[in-house]
Amino acid sequence: MRNLRLEICYDGTRYRGWQRLPGREDTIQGKLETALSRILGEPIEVSGSGRTDAGVHAKGQVANFHSESTMPSEEILANLRRYLPEDIGIYSCKDVSPRFHARLNAREKTYCYRIWNSEAPCVFARRFVAVMPETLDMEAMKQAAALLLGKHDFSAFCGNAKMKKSTVRELYAIDIARQGEEIQIRYTGNGFLYNMVRILTGTLIEVGRGERSPESIPALFGAKREQAGFLAPAQGLCLEEVVY
């Protein structure tokens, strides 16, 4: 049994997220499994490094799958590029160790959240940014971001109220930078809870608006969801890199 690794990118605008859903064809995992099953002539189940939400994008998603087929990986790649829709791209398809697992072996992930911080129209990047034209205090946001770093209980930043597993995660870096009219917030950590990056972003935006102080951040660790910020729109978020 072969184990193959995929490097994937996608525009998540018209999809219900990564995870396959019964009776629906508009998920990234579902599209990949349908295409691979057709190409290889056997049922294929794909494991991703993480489950991006509906509307969220990826430049550096990683997945793996097992197959009995002897088709060369280069041919599988060519066929995937032929059968997948144009908003799902495959960078590479390679045979890897039987022990490799896209989710279980991931050591860190980096997400980028893009905010269009201007009254000017943003026609050509509108699918990939959240439009928030109000003035944001970036220095206050950076102070708050520094307090989020480290290992903490991020239960207040989890969108799953029924989460039974540990909500402890470690954030290694949060970088906030302006490029012209756009603010980019880049998060790197050992793992992220459901909706975590979008809630972190909503919380930092509230700091930027002056609705909460940077000093209020530590009180959110181990707190309830309603105490943290709003859920930032999905289209501004992109999975950039997974490190193994």
Side-chain angles (χ1 to χ4, degrees), residues 4-20 26-33 35-36 46-65 73 76-78 80-94 96 100-103 105-117 122-131 169 171-201 204 232-244:
L4 293 106
R5 169 174 168 161
L6 299 173
E7 305 278 348
I8 309 162
C9 59
Y10 47 85
D11 172 353
T13 303
R14 69 187 186 99
Y15 295 98
R16 300 278 294 178
W18 168 268
Q19 188 177 14
R20 84 174 77 84
D26 53 352
T27 69
I28 305 296
Q29 184 184 29
K31 289 289 186 185
L32 287 169
E33 290 178 346
L36 285 166
V46 174
S47 297
S49 69
R51 301 171 180 176
T52 51
D53 301 340
V56 173
H57 317 290
K59 290 181 180 178
Q61 177 68 284
V62 179
N64 73 291
F65 66 93
S73 57
I76 298 173
L77 175 61
L80 277 173
R81 289 175 172 172
R82 183 178 304 122
Y83 291 128
L84 285 171
E86 61 185 4
D87 51 6
I88 302 177
I90 309 296
Y91 294 124
S92 65
C93 175
K94 298 178 180 178
V96 290
F100 175 78
H101 191 284
R103 179 176 59 83
N105 294 152
R107 292 193 295 111
E108 71 178 49
K109 298 177 184 178
T110 297
Y111 284 88
C112 181
Y113 196 93
R114 298 171 61 189
I115 300 168
W116 184 253
N117 189 225
C122 182
V123 174
F124 301 107
R126 68 190 187 281
R127 291 185 174 186
F128 309 104
V129 297
V131 177
R169 297 291 187 275
L171 286 178
Y172 304 138
I174 303 177
D175 296 312
I176 304 174
R178 176 179 282 277
Q179 296 184 3
E181 306 284 25
E182 186 177 314
I183 296 172
Q184 296 185 356
I185 309 177
R186 194 164 272 103
Y187 303 85
T188 300
N190 66 352
F192 294 88
L193 302 165
Y194 178 62
N195 288 158
M196 180 173 163
V197 177
R198 292 168 62 192
I199 298 170
L200 285 168
T201 300
L204 291 176
Q235 75 267 22
L237 183 59
C238 182
L239 172 60
E240 288 200 330
E241 183 181 22
V242 184
V243 175
Y244 292 90

Is the number of heavy atoms from other residues, nucleotides or ligands under 6.0 Å of [X] [atom1] greater than 12?
{"X": "R51", "atom1": "CZ", "value": "no"}
{"X": "R169", "atom1": "CZ", "value": "yes"}
{"X": "R127", "atom1": "CZ", "value": "no"}

Could you report the tightest heavy-atom contact between [X] and [Y], atom names first, then the distance?
{"X": "A232", "Y": "Y113", "value": "CB-OH, 3.4 Å"}
{"X": "R20", "Y": "T27", "value": "CA-OG1, 3.4 Å"}
{"X": "S73", "Y": "C93", "value": "CB-O, 3.3 Å"}
{"X": "Q61", "Y": "G50", "value": "NE2-O, 3.1 Å"}
{"X": "T52", "Y": "H57", "value": "CG2-O, 4.5 Å"}
{"X": "A63", "Y": "A102", "value": "CA-CB, 3.7 Å"}

Would you give the length of the straight line joining atom [atom1] of [X] to atom [atom2] of [Y], rounded to the nearest 0.5 angstrom?
{"X": "N190", "Y": "L171", "atom1": "CG", "atom2": "CG", "value": "8.0 Å"}
{"X": "L200", "Y": "I185", "atom1": "CG", "atom2": "CD1", "value": "9.5 Å"}
{"X": "R16", "Y": "D26", "atom1": "CZ", "atom2": "CG", "value": "6.5 Å"}
{"X": "W18", "Y": "K31", "atom1": "CH2", "atom2": "NZ", "value": "14.0 Å"}
{"X": "I183", "Y": "R178", "atom1": "CD1", "atom2": "CZ", "value": "4.5 Å"}
{"X": "L32", "Y": "L80", "atom1": "CG", "atom2": "CG", "value": "7.0 Å"}

- Item | From T110, T201, D175, residue fulfilling side-chain hydrogen bond (donor to acceptor under 3.5 Å, both in side chains) relative to Y187 |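 Option passing the side-chain hydrogen bond (donor to acceptor under 3.5 Å, both in side chains) with Y187: T201.
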- Check the pair Y10 / Y15 against side chain to side chain contact (heavy atoms under 4.5 Å, CB included), numbers first and verdict last. CA-CA 10 Å; Y10 47 85; Y15 295 98; 5.7 Å; no
May I ask you to decide if [Y]'s main-chain N or O and [X]'s side chain share a donor-acceptor pair within less than 3.5 Å?
{"X": "Y91", "Y": "K59", "result": "yes"}
{"X": "E181", "Y": "W116", "result": "no"}
{"X": "R126", "Y": "V123", "result": "yes"}

- Query: Side chains of S49 and Y244: is there a donor and an acceptor less than 3.5 Å apart?
  - Reply: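 No donor-acceptor contact under 3.5 Å links the two side chains.
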- Task: Could you walk me through whether K109 and V197 pass side chain to side chain contact (heavy atoms under 4.5 Å, CB included), step by step?
- Result: CA-CA 11 Å; K109 298 177 184 178; V197 177; over 6 Å; no
- Query: Of all residues at least two apart in sequence or in a different chain, which pass the side-chain contact (heavy atoms from CB on, under 4.5 Å) check with R103?
  - Reply: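 Applying side-chain contact (heavy atoms from CB on, under 4.5 Å) to R103 gives H101.
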- Item | salt bridge (charged side-chain N to carboxylate O under 4.0 Å, His left out) contacts in which one or both residues fall within residues 185-200, not counting sequence neighbours |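 Those involving residues 185-200 are D53-R198, R186-E240.
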- Chi angles and distances behind the side chain to side chain contact (heavy atoms under 4.5 Å, CB included) call for I28, V46: CA-CA 10 Å; I28 305 296; V46 174; over 6 Å; no
- Query: Of all residues at least two apart in sequence or in a different chain, which pass the salt bridge (charged side-chain N to carboxylate O under 4.0 Å, His left out) check with E182?
  - Reply: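 Once residues adjacent in sequence are excluded, the partners of E182 under the salt bridge (charged side-chain N to carboxylate O under 4.0 Å, His left out) criterion are R114.
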- Candidate pair V56 and L239, rule side chain to side chain contact (heavy atoms under 4.5 Å, CB included), full reasoning: CA-CA 8 Å; V56 173; L239 172 60; 5.8 Å; no
- V62 pairs by side-chain contact (heavy atoms from CB on, under 4.5 Å) with which of I8, N105, L6, V242?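 Single side-chain contact (heavy atoms from CB on, under 4.5 Å) partner of V62 among I8, N105, L6, V242: V242.
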